[in-house]
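Okay, so here's the structure we're looking at.
So that the names make sense, note that chain A is the first sequence line, chain B the second, and so on, each numbered from 1. Every heavy atom of this structure was used, including side-chain atoms; hydrogens, water molecules and symmetry mates were not.
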Amino acid sequence: MSYTTEEIKKIEAKWQKIWQDRETFKVDMQEGRKKYYVLEMFPYPSGKIHMGHVRNYTIADVIARFKIVQGFNVLHPMGYDAFGQPAENAAIKNDVDPAQWTYSCIDQMRGGLKRMGFSYDWNRELATCDPRYYRWNQWIFLKMAERGLAYKKASPVNWCPGCETTLANEEVIQGECWRCKTEVVQKDLEQWYLKITQYNEKLLGDLKKLEYWPDRVIAMQENWIGKSYGVNIHFRLKGKGDVITVFTTRPDTIFGVTYVVLAPEHPLVEGLTNGVDNEDDIKKFIAEVAKTGKSARQTGEAGKGGIFTGQYAVNPVNGEAIEIWIADYCLMEYGTGAIMSVPTHDQRDFLFAKKYNLPMRIVISDPQAPDQTIETMSCAYEEEGVLVNSGKFDGMNSDAAVCEIGKWMEKEKMGEMTVHWRLRDWLISRQRYWGTPIPFIYCGKCGMMPVAEEQLPVELPENITITGEGGSPLNHCAEFVDTACPKCGGGARRETDTMATFFDSAWYYLRYCSPKNETQVFGPKEAAYWMTVDQYIGGIEHAILHLLYSRFFTKFFKDLGLIDFDEPFHRLLTQGMVLKDGEVMSKSKGNTVDPDSIIEKYGADSLRLCILFAAPPEDQLEWSNGAVDGAWKFLNRVYHYIEGRYDKDFSGELSENDFDCEDKELNRQIHATVKKVTEDFSHYKFNTAISSLMILLNHADKYKQASQKQALINKLCRTFIILLAPIAPHICEELWQEIGGQEESVIDVAWPEHDENALKQDTVQIIAQVNGKLRGKFNISAKSSEEEIRRIVLADAKVQEFLKSKSVKKFIYVPGKLVNLVV
RNA sequence: GGGCAAGUGGUGGAAUGGCAUACACGUUGGACUUAAAAUCCAAUGGCCGUAAGGCCGUGUGGGUUCGACUCCCACCUUGCCCACCA
């Protein structure tokens with residue numbers, strides 16, 4: 001048989017069918033046997049797989065196969081994150097049923113995955129849009145609601161009047177709806193939230209346990225959770241009973257406060273400005289700010305404008321009356337929606353005070369410029385320093401003062417020390433059709449009630465018309481909405497909101513452990529055996545949301561008593577993106593390369609090899625068609641070498657006593673390659689593992705001319721096939737069968753071990769340096785002493801040339817490697 | 001503004017204190033061929049030199065060291081994440 005495109009397609013199809021028929025990768029729990037759970041982030045089934053999937057899943061597949069041959073019981077499942085907007089958009093655009101559209105995409109996707117030859121246990125395949133899956137979403141939701149972790153409250157959300165639905169922040173592009181371009185407005189709506197903030201301390205603290213996660217992901221999560229220590233300080237309104245509470249992380253600057261700022265949306269604003277002279281101007285200003293997009297305001301591109309309210313507040317530490325302003329740079333979303341302004345020690349306050357000619361006072365003296373005055377100040381001094389103009393705290397270091405003033409204010413009841421979290425509760429409800437229905441019922445008499453557990457799942461109705469107009473499609477579906485009240489039996493309405501799809505993906509890794517369980521969210525025994533996920537692999541774009549939600553759910557399940565661990569993913573690998581011509585490969589850029597077209601021409605093994613060889617897993621990968629050619633050429637050479645050199649009928653024993661110099665060297669290289677590939681696979685350095693296999697093949701080709709001992713060649717062929725198999729499984733299965741391997745699959749063959757003795761060399765090359773510069777190379781017996789080496793090196797004519805009349809000051813000897821002569 | 005990566009031949013990359021550019025792509029030359037493809041062989045960082053050989057060279061500038069792509073300090077550039085965060 002030759003290795004042509006036609007043949008390789010036959011070989012790949014043949015082995016894919018064998019793996020499927022024999023259920024080669026089906027696994028079951030085996031108490032007492034070491035398990036390994038390798039998982040890649042499951043795909044949204046948008047149709048064909050793309051290069052990003054290929055890269056992600058090939059990395060995972062090599063790890064899975066490597067762990068299998070090392071004797072682990074390996075769980076390697078695959079499924080589909082199948083709810084979500086694209087299905088609804090397709091429905092609106094092409095008048096197709098979202099379920100049908102999704103399932104046909106899943107079929108395409110599965111086909112693509114199978115053509116890559118991935119080692120999935122297909123018995124565990126799941127799709128989140130399957131009622132057998134999403135009923136457990138509803139169950140989890142009910143459990144959360146029971147504990148007050150799922151709740152409903154009114155809050156301002158992004159609302160598109162065109163589509164009549166809420167939008168996620170990411171769906172608002174420059175203040176407009178990403179789909180219909182209508183201007184997005186803020187609207188107060190009753191929405192479901194998950195109280196993730198109840199876990200903020202644990203979510204932050206447990207990041208320390210994740211020592212095998214990339215630093216940047218840890219940093220991003222820390223940043224997102226955003227714990228900051230500070231003080232809530234109360235400013236009494238002059239002449240009124242109300243109090244403005246501000247949050248600050250810099251209580252040490254309290255004596256420098258010269259005005260107070262409220263966010264335009266602050267609840268006190270209306271009462272405060274009612275009837276003041278410039279009331280109309282204030283209303284105009286607030287309306288102006290409201291018109292500015294939220295995103296423009298938050299990025300700081302907008303304004304830094306403000307207006308005086310005509311009212312005064314009292315600084316509790318010194319009784320000073322200070323102006324109250326309204327400004328767009330103060331955000332309602334953060335802190336208390338009110339800030340104390342210290343222009344001398346906060347750059348934003350500094351610019352604002354300059355613009356509106358507001359007073360300033362230095363309260364922290366810069367040790368580098370102790371004579372600084374307000375007149376000479378060109379920007380705020382935000383660093384550490386010594387307190388001045390601060391009453392009894394004068395002379396104290398500002399770092400120490402943060403704590404001391406906080407304590408003092410607490411004692412004097414001027415404020416409280418507090419911890420502020422950036423993390424907000426998670427808005428989970430969507431006015432969409434293609435998602436998990438939230439299992440609640442509203443009765444006019446009895447109020448809001450959860451659906452009884454035994455009534456689950458609340459299934460999505462079929463044959464819904466989706467137009468993109470008129471709000472949630474479920475609202476118009478009487479057979480879904482109209483129901484009986486579980487308490488009084490009277491007419492009631494179902495909740496028509498569905499869950500955001502991040503809910504679905506927050507726990508799927510647990511469901512894989514027992515996907516067919518019909519009575520429980522997941523089998524606790526199976527979860528205890530398989531979890532935690534030993535290696536999780538996916539894109540950096542999920543560094544915050546998905547991974548944070550998954551951690552939250554795991555902690556919740558632990559509190560429910562279902563599991564006894566509190567982090568789901570032991571080790572995390574974030575693979576780099578696939579680029580084409582320096583840009584991320586994407587449909588919108590139109591620079592995608594279809595994996596199927598590559599498989600069609602070169603086969604899956606070449607694609608797998610090429611994508612692993614081109615770059616280390618975490619790095620960006622620049623796609624090049626030429627690189628596939630190289631992979632193809634290499635596999636070709638492997639195939640022809642083994643076909644041509646392996647002798648199936650040869651039965652002689654390998655005897656190291658008969659080895660001549662060449663044999664010994666080739667044998668050494670075989671062992672060195674085993675060692676290198678094993679180490680590289682363990683550290684996911686697939687590119688260098690592949691290069692070491694290429695080096696071995698290059699040596700094997702040269703050996704052909706020098707000497708040939710069939711026993712050694714046979715050994716080399718066998719070893720080579722096993723080492724290459726995790727990367728290029730189809731061709732290696734075929735070759736293993738051709739050389740007469742008795743095992744059902746090359747996956748059943750034990751991984752080779754290297755022999756340290758075989759790695760030893762009789763002679764070693766010693767590098768000679770003079771003053772750190774390379775001046776000679778010597779092949780010296782490995783047994784030579786330092787003294788002998790010194791004599792040899794010093795006797796060398798070329799080395800002498802560089803020594804000339806100078807004397808050797810120092811002789812540095814690194815055993816087996818080099819000598820350096822310092823003159 | 002804050003955080004995290006990264007910067008090495010024409011290209012992807014290797015080397016984590018000890019021969020810089022492994023391995024591959026590309027290019028050039030050669031073999032085979034009527035020819036092409038495929039395959040095989042050889043060369044391939046820059047400068048000087050007929051050659052032997054020498055000098056320079058891992059973003060920039062310093063430092064530590066017998067020795068630095070590698071460690072330390074400062075800076076520049078690029079990418080990603082966060083950000084009027086009080």
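Taking atom CE on M220(A) and atom P on C85(B), their separation rounds to 19 Å, with Å as the unit. If you measure from atom CD of E643(A) to atom C1' of U39(B), you get 16 Å, rounded to the nearest angstrom. Rounding to whole angstrom units, CE of residue M332(A) and C1' of C85(B) are separated by 14 Å. The interatomic distance linking D701(A) (CG) with U39(B) (P) rounds to 13 Å, in whole Å. Here G1(B) presents its P atom at 19 Å from OH of Y329(A), a figure rounded to the nearest Å. Rounded to a whole Å, the CZ atom of F634(A) is 14 Å from the P atom of U39(B). When the P atom of C4(B) is taken as reference, atom CD of E618(A) falls 18 Å away, rounded to whole Å. For M577(A) and C81(B), the CE to C1' distance is 11 Å, given to the nearest whole Å.
As the counterpart of U58(B), no nucleotide is assigned, since no Watson-Crick or G-U wobble pattern has both distances under 3.5 Å. Look at C40(B): its Watson-Crick or wobble partner, with both distances under 3.5 angstrom, is G30(B). Of the nucleotides present, none pairs with G17(B) by Watson-Crick or G-U wobble criteria with both distances under 3.5 Å. G67(B) makes up no base pair with any nucleotide shown, lacking Watson-Crick or G-U wobble contacts both under 3.5 Å. Here G1(B) sits opposite C82(B) as a Watson-Crick or G-U wobble pair (both hydrogen-bonding atom distances under 3.5 Å). In this entry A22(B) has no Watson-Crick or G-U wobble partner, no candidate having both defining distances under 3.5 Å.
Annotation: G18(B) and C71(B) have their P atoms spaced 11 Å apart (nearest Å). Nucleotides C72(B) and A5(B), compared at atom P, are 12 Å apart to the nearest Å. Rounded to a whole angstrom, the distance from the P atom of U27(B) to that of A38(B) is 10 Å. Distance noted for atom P between U28(B) and G54(B): 32 Å (whole Å). For the P atoms, the distance from A31(B) to A37(B) is 14 Å, rounded to whole Å. Taking atom C1' on both nucleotides, G57(B) is separated from G9(B) by 10 Å, rounded to a whole Å. Separating the C1' atom of C80(B) from that of U11(B) is a span of 24 Å, rounded to the nearest Å. Across the P atoms, G53(B) and A20(B) are found 16 Å apart, a figure rounded to whole Å.
Counting non-hydrogen atoms under 4.0 angstrom, K685(A) reaches the backbone sugars and phosphates but no base. Heavy atoms of P214(A) sit nowhere under 4.0 angstrom from any nucleic acid atom.
When each of E383(A), E384(A), H345(A) is tested with S398(A) by the rule side chain to side chain contact (heavy atoms under 4.5 Å, CB included), just one qualifies, namely E384(A).
The side chain of R216(A) contributes no N or O atom lying less than 4.0 Å from OP1 or OP2 of C82(B).
Annotation: Y229(A) is not in aromatic contact with H420(A) [ring centroid separation under 6.0 Å not met]. Centroid-to-centroid, the aromatic rings of Y356(A) and W325(A) come within less than 6.0 Å. Between F613(A) and F686(A), a ring centre-to-centre spacing not shorter than 6.0 Å is recorded.
Base orientation of G54(B): anti, since the glycosidic angle falls outside 90° of 0.
Here E665(A) pairs with R668(A) in a salt bridge; the nearest charged N to carboxylate O distance falls below 4.0 Å. By the 4.0 Å N-to-carboxylate-O rule, R424(A) lies too far from E333(A) to be salt-bridged with it. Salt bridge annotation for R250(A)-E382(A): absent, with no cationic side-chain nitrogen under 4.0 angstrom from a carboxylate oxygen.
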Between the protein and nucleotides 18-25 of chain B, which nitrogen or oxygen pairs come in under 3.5 angstrom?
unit_1, atom_1, unit_2, atom_2, d
G18(B), N2, Q769(A), OE1, 3.3
G18(B), N2, N820(A), ND2, 3.4
C19(B), O2, K777(A), NZ, 2.5
C19(B), N3, Q765(A), OE1, 3.4
C19(B), N4, Q765(A), OE1, 3.2
A24(B), OP1, N698(A), ND2, 3.3

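The residue among A219(A) and D349(A) whose nearest nucleotide of RNA chain B is located toward the 5' end is A219(A). Each of D215(A) and H420(A) was matched to the nucleotide of RNA chain B holding its nearest heavy atom; the match closer to the 5' end belongs to D215(A).
Closest approach to the L331(A) side chain among C82(B), G54(B), C85(B) is made by C85(B) (side chain taken as heavy atoms from C-beta onward). Listed candidates were A86(B), G13(B), C66(B). Nearest to the side chain of A615(A) is G13(B).
Using cut-offs of 30° and 60° for the angle between ring planes, the F569(A) and H546(A) rings count as tilted.
For the pair R361(A) and F255(A), the NZ or CZ position fails the cation-pi test of under 6.0 Å to the six-membered ring centre and within 45 degrees of the ring normal.
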